[in-house]
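Provided herewith is a single structure, encoded as structure tokens, for subsequent inquiry.
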There are 2 protein chains.
Amino acid sequence: LTGQASPQPLTADQEERIAAQARDLAVGTAQVIPEDGLAEKLRTAEREGRPLRVKLGIDPSGSDLTLGHAVVLRKLRQFQDAGHTAVLIVGDFTGQIGDPTGRTKTRSVLTPEQTRRNARTYMDQALKILREDRLELLYNSEWLAGKSLADVLATSRALTVAQLLERDDFARRHRENLPITLMEFMYPMLQGMDSVAITADCELGGTDQTFNNLVGRTLQKDAGRDPQIVITLPLLRGTDGAEKMGKSLGNWISLNDTPDDKYGKIMSIGDDLMPHYAELCCAWTADQLDEFCAILARHPMDAKRAIGRRIVELYHGPDEAKAAQERFTSRFSRRELPEDLPEFPLPTGSGTADIIEILVAAGLVTSKGEARRLLASGGIRLDGDKVSPESGPFASEDLAGKVLQRGKLHAVRLVAKE
Amino acid sequence: LTGQASPQPLTADQEERIAAQARDLAVGTAQVIPEDGLAEKLRTAEREGRPLRVKLGIDPSGSDLTLGHAVVLRKLRQFQDAGHTAVLIVGDFTGQIGDPTGRTKTRSVLTPEQTRRNARTYMDQALKILREDRLELLYNSEWLAGKSLADVLATSRALTVAQLLERDDFARRHRENLPITLMEFMYPMLQGMDSVAITADCELGGTDQTFNNLVGRTLQKDAGRDPQIVITLPLLRGTDGAEKMGKSLGNWISLNDTPDDKYGKIMSIGDDLMPHYAELCCAWTADQLDEFCAILARHPMDAKRAIGRRIVELYHGPDEAKAAQERFTSRFSRRELPEDLPEFPLPTGSGTADIIEILVAAGLVTSKGEARRLLASGGIRLDGDKVSPESGPFASEDLAGKVLQRGKLHAVRLVAKE
């Protein structure tokens, strides 16, 4: 246990290196708990001649990772580059129990096969940021499936109901008389048990994970272990300026987005968001950030282009970044549409065409509702002219050859079906 | 499942018998939940040609049972006499986990051997009331020890935090900011799991157990079973008139008390308590209770004697009851002390004797504090004269031969040590 035996003193050289590393690793974080914990952990690792084990819980739902996820992953990569081990935890155990809100016990949200496939999907994306060495991928069913009721009770003694009710969403739901099942109430404990099982030295997460990650600290202490430190990263705001980039909000940039989509979405953010994205998404050094700020002060549009190009560069390389920027400039800055628009064959039959159905079928919108909203807000153009909800019906022959466009980014050329 | 298939109709004869049994079994209860559940359960048992399984959780601490415990046990006996099965559950599982309030995981409050010994102690006493046939004694470690974390999570989905916080003591502690560990918070669920495991049809308990016993109902429903009904019995008030007879309060009558102690303690209760004891402790029929009330209205002292004699009779037989009554009358009603007082040899040595130490050593009080309080309140007499806290020190030779008396019930004759 750190601090129980009188520890071997480190050399001035070692101390200096550790202080520098602690400083670098703390850059861009929201909080390090406890404040001096990072340097202390690094000292322990140095003394014991081993890397730190840095835990990150990952979501096995199999969906796209966003630039929001990337914020934490980049910090984890920084730990890897400093010689430490990234330990990714797939929370497959609770997924196998079933839906916490459902009533059917036998229903499994995810089969083990689905979970493993989803974890591979996650890793495919995460490896755009993480390195493959100094990396462990673990499934928490490995240790949780073997836990007994007795283990659970022994562990649950270290937590109090009042503590758990302090977690933001529990507090809110309790206040609003919305049900919290005892099952959900135990989830933070399960995450904490993960930290004990993998002997985590440090746990990373967004600021919305602070509570859960501190439970790991509590349970490690209770088990007589040196408790992990908790490092939180700021939540990335959405492209619309909302509090958090979220898939349900439609304000996200996926790591899987094409270079053009990434670049285009960045060009759509408000100017006030630029420093936030520059700091959290660009992996720039302090000097590079200073340089960026200088540009921002004089030429905001150049600054936004710099962010867009940098982000595409990080995920697709400098050539793709340059090309995406040129295509964007050509298509939108000069208000010209490219020659090679995708073609959409018009339905044959009655001779008239429903513009809403075409928008959906062509993939320009995801639903009829969205189509109606965009028509109402003037977001749909036909050969450059706004289409109103009252326009149409259109004769198919009138539409053929025209460009149907949604906003600045998406367009198809309508063609007659052969 | 009851009610799903169209049930076989019962004959008018059967229905009549069931209605009468339901009425008898409901006598003296505080609540039957749901109100019409008892008759419905009896119908199910009749249709399926089986006895009801009536659950009672018992305390494996190994201590004396009181007339308070007897209230529930008598109701259970009534179920046995009606042909049903009493299922006593020893909660040994949590006892083996350890002290919920302690910090040491490895500490076991009770070893399995201690638990089994204590359960035997319990049974020795309970069999003064219960019959030995139609009786099962089960240890909940039998099914709980095999439960996994997955089982716990699946079950805990049926309960909400808000529900659990409604339990009286949880609500109070939460309101007063006193810690409730997550472990304790899970205990009601464990008791409910017992009901599922033993397929209880009915659970008995004091009104202070209503919440816990309803959890069993919830979990059985969630498991797709016919849920148990919950029958609560009023809490017996202490001999001092306090809300509940409790061992820590010194206001209890133990099933192990001698006939004289039982009789004497009953004679010490306030007149207002008499109907309460008559109803809950005397196993009287409605007619007998009416008769008692008639006596109470005219001759309260006779009524009290009737309760005392009846209670001694229930546990020791009519001869002992008669004898205890006669001894009491002789000793106290006529203010005479019997000839055969126990002797207490005075300590030799300094020549003076400390009255407080003698009271403790002679077993007339349980602590020096109690001795001091009794001296101050005039509850200690020496040969009939009150001893004040200022009296003494006494010379041993002055004390020899005198009667040292605590209240009306307890006295020793002090003798010189040989």
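Quick note on labels: first sequence line is chain A, next is B, and so on, each numbered from 1.
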Notebook entry, point to check: Taking the side chain as C-beta and beyond, is there a heavy-atom pair between A:Leu182 and B:Arg157 under 4.5 Å?
Noted result: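 When only atoms from C-beta onward are counted, B:Arg157 and A:Leu182 do not touch, as no gap falls below 4.5 Å.
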Next item on the list: Determine whether more than 12 heavy atoms belonging to other residues, nucleotides or ligands lie under 6.0 Å from atom CD of A:Glu136.
Entry: yes
Next item on the list: Check B:Met186 against A:Val152 and note the closest heavy-atom contact, atom names and distance.
Entry: CE-CG1, 3.7 Å
Checklist line | ring pair (Phe, Tyr, Trp, His ring centres under 6.0 Å): pairs with one or both residues in residues 197-222 of chain B, sequence neighbours excluded | finding: none
Next item on the list: Check B:Thr160 against A:Pro179 and note the closest heavy-atom contact, atom names and distance.
Entry: CG2-CB, 4.1 Å
Next item on the list: Flag the pair B:Phe93 / A:Leu149 as yes when at least one side-chain heavy-atom distance between them is below 4.5 Å, and no otherwise.
Entry: yes
Note to self: Is the shortest side-chain heavy-atom distance between B:Leu190 and A:Leu153 below 4.5 Å?
What the structure shows: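 Yes - at least one pair of side-chain heavy atoms lies under 4.5 Å apart.
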Next item on the list: Only counting residues at least two apart or in another chain, list the ones meeting side-chain hydrogen bond (donor to acceptor under 3.5 Å, both in side chains) with A:Asp201.
Entry: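 For A:Asp201 the side-chain hydrogen bond (donor to acceptor under 3.5 Å, both in side chains) partners, ignoring immediate neighbours, are A:Arg50.
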Next item on the list: Tabulate, in ascending numerical order, the residues of residues 163-178 of chain A having at least one heavy atom closer than 4.5 Å to a heavy atom of chain B, or enter 'none'.
Entry: A:Leu164, A:Leu165, A:His174
Next item on the list: Please name all residues satisfying salt bridge (Lys or Arg N to Asp or Glu O under 4.0 Å) with A:Asp208, sequence neighbours left out, ordered by chain then number.
Entry: A:Lys244
Item checked: chain A interface, residue from B:Ala145, B:Gly146, B:Ser148 that has the most non-hydrogen pairs under 4.5 Å -> B:Ser148
